Amino acid sequence: MACAETDVDFGTIPLAALNVTVRKKLGLYLNPRNAVAADWMAVAEAMDFSYLEIKNYEASKNPTTMVLDDWQARSTGATVGKLLSILMKVERNDIVEDLQPLIDEDVKRFHESQKKKADPPLQVPEVDSCVPRTLERNGITLEDDPEGTPELFDAFICYCQSDFHFVHEMIRQLEQTEYKLKLCVFDRDVLPGSCVWTITSELIEKRCKRMVVVISDEYLDSDACDFQTKFALSLCPGARNKRLIPVVYKSMTKPFPSILRFLTVCDYTRPCTQAWFWVRLAKALSLP
């Protein structure tokens, strides 16, 4: 199966390309237990989840999301194409047909972000210039030297605007103290005028050793944070190199994101451990 607009093979597109909207709609179709049509349990079985795993998912309010997130985290074969083939295998062609336009849009956006990342800029250097020029993405942060080494960071900070005051505190505690870490804060460090998705992918994959994810209720509703988190997870399935560090700094009313629940959390909400919070976070970010 391929995207109608780009002719891209869905089997080559990772599941991370599907955004929150598509995943929520999948839950609306699959979460209700259905005696006639296949539900999330049939999909989980087709994804090779065990009986005990499926029973554990039953306690969740949104088992479809948990199944998709866990499948994405543990399987290198978790692609959009594979998901669609599973839906058709369990005879839920109605879901495929109804969500096809949204899935096409997500795949198109993901494909374009990857293509822009790989392609040179449209404005090429002068033919008679003997000075080598760099790609546009080498001049994306304040301290980038377009003619030299790109600016590197210890960590990319994934946050939503409502949590920016805590990001300020992170800067004070981690950059302006003896730790002297270098954080990549999008609103502070990135120059305006380029594609957000291309810049974000470049920074997370090639410029930053790790990513700190500031978790909050508002984070759960942010498409940008969702993309950043899933992209970083796709680079390190199973968290083998401790690339992602979830941070909780205030109480939440919504459930903790299931896609991150297998990672150790740095929790600022517990008074008994606050004294060690910054030391632990700084140590984790200082690892090679």
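In this text, all values refer to a predicted model and were calculated from it rather than measured experimentally.
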**OP:** For the pair Gln161 and Asp187, evaluate side-chain hydrogen bond (donor to acceptor under 3.5 Å, both in side chains) and give the outcome as yes or no after the intermediate values.
**Re:** CA-CA 9 Å; Gln161 291 300 315; Asp187 289 290; 2.9 Å; yes
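- Inter-residue side-chain proximity for Ser258 and Asp70 is flagged as unmet; no heavy-atom pair is nearer than 4.5 Å.
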**OP:** Evaluate the criterion side-chain contact (heavy atoms from CB on, under 4.5 Å) for residue pair Val96 and Arg92; output intermediate values, then yes/no.
**Re:** CA-CA 7 Å; Val96 177; Arg92 290 309 304 264; over 6 Å; no
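- Note that the CD1 atom of Ile215 and the SG atom of Cys158 stand 7.0 Å from one another [nearest 0.5 Å].
- Side-chain contact between Met47 and Leu68: present, with at least one pair of heavy atoms (C-beta onward) separated by less than 4.5 Å.
- Screening residues 73-99 for ring-ring contact (aromatic ring centres under 6.0 Å, His included), with sequence neighbours left out, gives no hits.
- Under 4.0 Å is where a charged nitrogen must lie from a carboxylate oxygen, and between Arg188 and Glu175 at least one such pair does.
- No hydrogens or angles considered: a donor-acceptor pair under 3.5 Å links the side chains of Thr269 and Asp267.
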**OP:** Start with the C-alpha distance between Tyr159 and His168, add both sets of side-chain angles, then the distance that settles ring pair (Phe, Tyr, Trp, His ring centres under 6.0 Å), and finish with yes or no.
**Re:** CA-CA 11 Å; Tyr159 62 94; His168 272 285; 9.4 Å; no
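- Counting only heavy atoms from C-beta outward, the side chains of Tyr219 and Lys254 never approach each other to under 4.5 Å.
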Subject >> Evaluation steps, side-chain contact (heavy atoms from CB on, under 4.5 Å), between Val247 and Tyr268 >> reply: CA-CA 7 Å; Val247 167; Tyr268 193 69; 5.6 Å; no
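- Ring-plane geometry between Phe231 and Phe227 is classed as parallel, the angle between the planes falling under 30 degrees on a 0 to 90 degree scale with a further cut at 60.
- Between Lys182 and Glu143, some side-chain heavy-atom pair lies under the 4.5 Å cut-off.
- In this structure, Asp217 contributes its side chain and Met252 its backbone to no donor-acceptor pair below 3.5 Å.
- Between the side chain of Arg23 and the backbone N or O of Asp69, no donor-acceptor pair lies under 3.5 Å.
- The pair Glu202-Arg207 counts as a salt bridge, with a side-chain nitrogen and a carboxylate oxygen less than 4.0 angstrom apart.
- Atom CD1 of residue Ile171 and atom CG of residue Leu181 lie 12.0 Å apart, to the nearest 0.5 angstrom.
- Between the side chain of Asp223 and the main chain of Asp226, no donor-acceptor pair closer than 3.5 Å is present.
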